[in-house]
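Inspection log for the structure reproduced underneath, given as structure tokens.
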Amino acid sequence: MTKKYFIIGIVSILLIASAFIIPSKKTHPTKTKKLKAVLIPGKKFLFNSFVDCNMAEVWIADTFRIFPGKYGEDPVWGNSRELKFTNGFTVDEAFSRKSEEFIEPKMPENVAPGKPGLHGAVWFETIYQDPRDKSDKTLFALYHNENYPATLPYNPSTGKGYIDTKWPEGLKGPTSAAAVCRIGIMKSVDGGRSWIDKGIILEDLQTRMILKPHNTSINFAGGVGDPSAVASGDYLYIFFSEYGYPGTYNPATYNQDIEHSAQCISMARIPLKELDNPAGKAKRWGGKDFNTPYNATGKPIASLQIPKSAGGGATSSPTGKYYWGPSVSWNTYLKAWVMLMAKAEGPSWKGSSIYISFNKNKDLGHGNNSQQWSKPELLLNKPGHTLWYPSVQPLSSSTDKENKNTCLKLGQKARLFFKDNHDDIGEYLSEYTVEFKNE
């Protein structure tokens, strides 16, 4: 046998033998675990004071402090001094306080139209606690700010403010004006007993307002609002609802699909080192990075947009569906970010459902990690009710207190709170606990 035929023979024998070798145990691809939240019905827990926003809260040493309410000038609804705070040694103690037990902090005064300073009304929606202050008393509150042409008239030298021409209808009927929302920061060094305004960090200017005849949703003329903010790395990441037109609104060329493409839950970030002087320092997500100025057009989180085929639409339309009012927390059990949101399905944010989304990327600054949110899933539906401002809140457990958990950081179990509007009343309440699972 030649060498050539010898080699061929050996290879043939090996091939035949391999057919009789018992295969190793079959391996299966690793199954990706699914993050989920399960609602567990419980006794109704009713909050006793005014809430119309995300609940801002913080631990000051061993005391849990919350900041609900509204403060400032409002020509449509009337001026308010309802932004107050209260305390508890447990979460339940704070949430159970009677309205007369709340304390009014010292707030900056509103200034006259045309002057620099605080204009319009504010609601605290997130508090960032400076970890460098070991007393726990240095706080930065992100606030939702609402103005009108009457409180912030247009200034041609700065481009700020609003022109009362073809202005859309407000929440109190045809004779009332729609508001414009902005996002700003205030600072406290005494645990929230007094505040100094640090200025606006996110806003849409007059050119992006959506006016008559196209804006018929009876909500906002435009703007950005209802922020929820979490720290990751060297930045504070801000989640907010977007109501402005992408580019310059022109009634002759207005396109509802173009408006829809730029709404509704978006992100921006600001360096933590800039919080003492933050005005205009936030940058919006521009599609590839956080590189868009604070008052320019960014890109929303694509996975959180409702497509047109599913009824999604522009926020200026009374029939366009969209998610809004995000509340974001880091979940130490899931090792993931959790976002709750309301769903508007009619004018004036009418909608009976709450949705949830997850993001497994702890580092929100790397690549497009910040945009990788799962498709929203229905968490709760109450037909006939209008649900706003959902959030998960800590329980009154020793573990939650030891870890100083708040609505920004939670464990496996939490309590679901939301604003429930029904029968001409609005209640901020909880009827469920939430158990997070990784299956």
Side-chain angles (χ1 to χ4, degrees), residues 72 108 110-111 113-128 130 138-149 151-163 179-188 195-209 220-249 262 266-300 364-365 370:
N110 284 123
V111 298
K115 292 187 176 181
L118 180 65
H119 297 275
V122 298
W123 294 253
F124 287 175
E125 302 218 24
T126 296
I127 288 181
Y128 170 74
D130 191 337
T138 300
L139 312 176
F140 294 91
L142 272 80
Y143 62 81
H144 171 102
N145 174 226
E146 291 185 11
N147 276 284
Y148 306 83
T151 60
L152 195 63
Y154 184 71
N155 184 338
S157 66
T158 63
K160 293 181 180 291
Y162 316 111
I163 303 171
V180 180
C181 49
R182 309 187 297 174
I183 297 170
I185 288 180
M186 290 192 189
K187 182 182 180 181
S188 173
W195 295 89
I196 298 172
D197 186 32
K198 291 293 184 175
I200 298 298
I201 62 168
L202 288 167
E203 66 179 326
D204 293 341
L205 302 181
Q206 168 67 33
T207 55
R208 296 190 59 196
M209 298 300 104
F220 289 127
V224 294
D226 293 315
S228 178
V230 295
S232 178
D234 296 328
Y235 293 88
L236 191 66
Y237 289 84
I238 306 155
F239 300 80
F240 58 91
S241 304
E242 168 68 82
Y243 298 91
Y245 194 76
T248 299
Y249 167 79
S266 299
M267 284 187 69
R269 74 179 186 184
I270 185 170
L272 295 174
K273 65 182 182 181
E274 299 286 4
L275 293 182
D276 260 318
N277 186 28
K281 300 287 181 63
K283 292 291 183 69
R284 304 188 189 205
W285 178 259
K288 293 183 179 180
D289 200 354
F290 290 96
N291 54 9
T292 300
Y294 79 106
N295 59 5
T297 303
K299 299 286 186 182
L364 295 176
S370 64

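- Across all non-hydrogen atoms, the minimal contact from Ala279 to Gly199 is CB-CA, 4.4 Å.
- Taking all atoms of both residues into account, the shortest heavy-atom contact from Met186 to Pro108 is CE-CG, 3.7 Å.
- Of the possible donor and acceptor atoms, one in the side chain of Ser232 sits under 3.5 Å from a partner among the backbone N and O of Leu364.
- Listed by first and then second residue, the side-chain hydrogen bond (donor to acceptor under 3.5 Å, both in side chains) pairs involving residues 196-205 are Tyr143-Asp197, Lys160-Glu203, Arg182-Glu203, Asp204-Arg208, Asp204-Arg284 (not counting sequence neighbours).
- No side-chain donor-acceptor contact under 3.5 Å links Asp226 to the backbone of Ser241.
- Panel note: side chain Asn291, backbone Trp285; no donor-acceptor pair is recorded below 3.5 Å.
- If you take OG on Ser370 and CE on Met267, they are separated by 4.5 Å, rounding to the nearest 0.5 Å.
- To the nearest 0.5 angstrom, Ile127 atom CD1 is 5.5 Å from Leu139 atom CG.
- Note that OG1 of Thr151 is 8.0 Å distant from CG of Asn145, once rounded to the nearest 0.5 Å.
- Across Cys181 and Gly225, no two heavy atoms sit closer than the pair SG-N, 3.7 Å.
- Of the possible donor and acceptor atoms, none in the side chain of Thr138 sits under 3.5 Å from a partner among the backbone N and O of Asp130.
- Nearest heavy atoms, Pro300 versus Ala262: CG-C, 3.8 Å.
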Give the table of side-chain donor-acceptor pairs shorter than 3.5 Å for residues 233-240, with sequence neighbours excluded, one pair per line with atom names and distance.
from: Tyr237; atom 1: OH; to: Arg269; atom 2: NH1; distance (Å): 2.9
from: Tyr237; atom 1: OH; to: Gly365; atom 2: N; distance (Å): 3.3

Between side-chain atoms of residues 270-278 and protein atoms elsewhere (two or more places apart, or another chain), which donor-acceptor pairs fall under 3.5 Å?
from: Glu274; atom 1: OE1; to: Lys281; atom 2: NZ; distance (Å): 3.1
from: Asp276; atom 1: OD1; to: Lys187; atom 2: NZ; distance (Å): 2.6
from: Asp276; atom 1: OD2; to: Lys187; atom 2: NZ; distance (Å): 3.4

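- Considering only residues two or more places apart in sequence or on other chains, Trp123 meets the ring-ring contact (aromatic ring centres under 6.0 Å, His included) condition with His144.
- Between Val111 and His119 there is a side-chain heavy-atom pair separated by less than 4.5 Å.
- The side-chain hydrogen bond (donor to acceptor under 3.5 Å, both in side chains) search around Thr158 returns none, not counting sequence neighbours.
- Every residue meeting the side-chain contact (heavy atoms from CB on, under 4.5 Å) condition with Ile163, not counting sequence neighbours, appears here in chain and number order: Tyr154, Thr165, Gln206.
- The two residues Ala141 and Trp195 come nearest to each other via the heavy atoms CB-CZ3, 3.6 Å.
- Considering every non-hydrogen atom in both Tyr162 and Asn147, the closest pair reads CE1-CB, 4.0 Å.
- Put simply, the side chain of Val180 does not reach to within 4.5 Å of the side chain of Tyr243, judged on heavy atoms.
- Distance check, rounded to the nearest 0.5 Å: OG1 of Thr126 to CG of Leu142 gives 6.0 Å.
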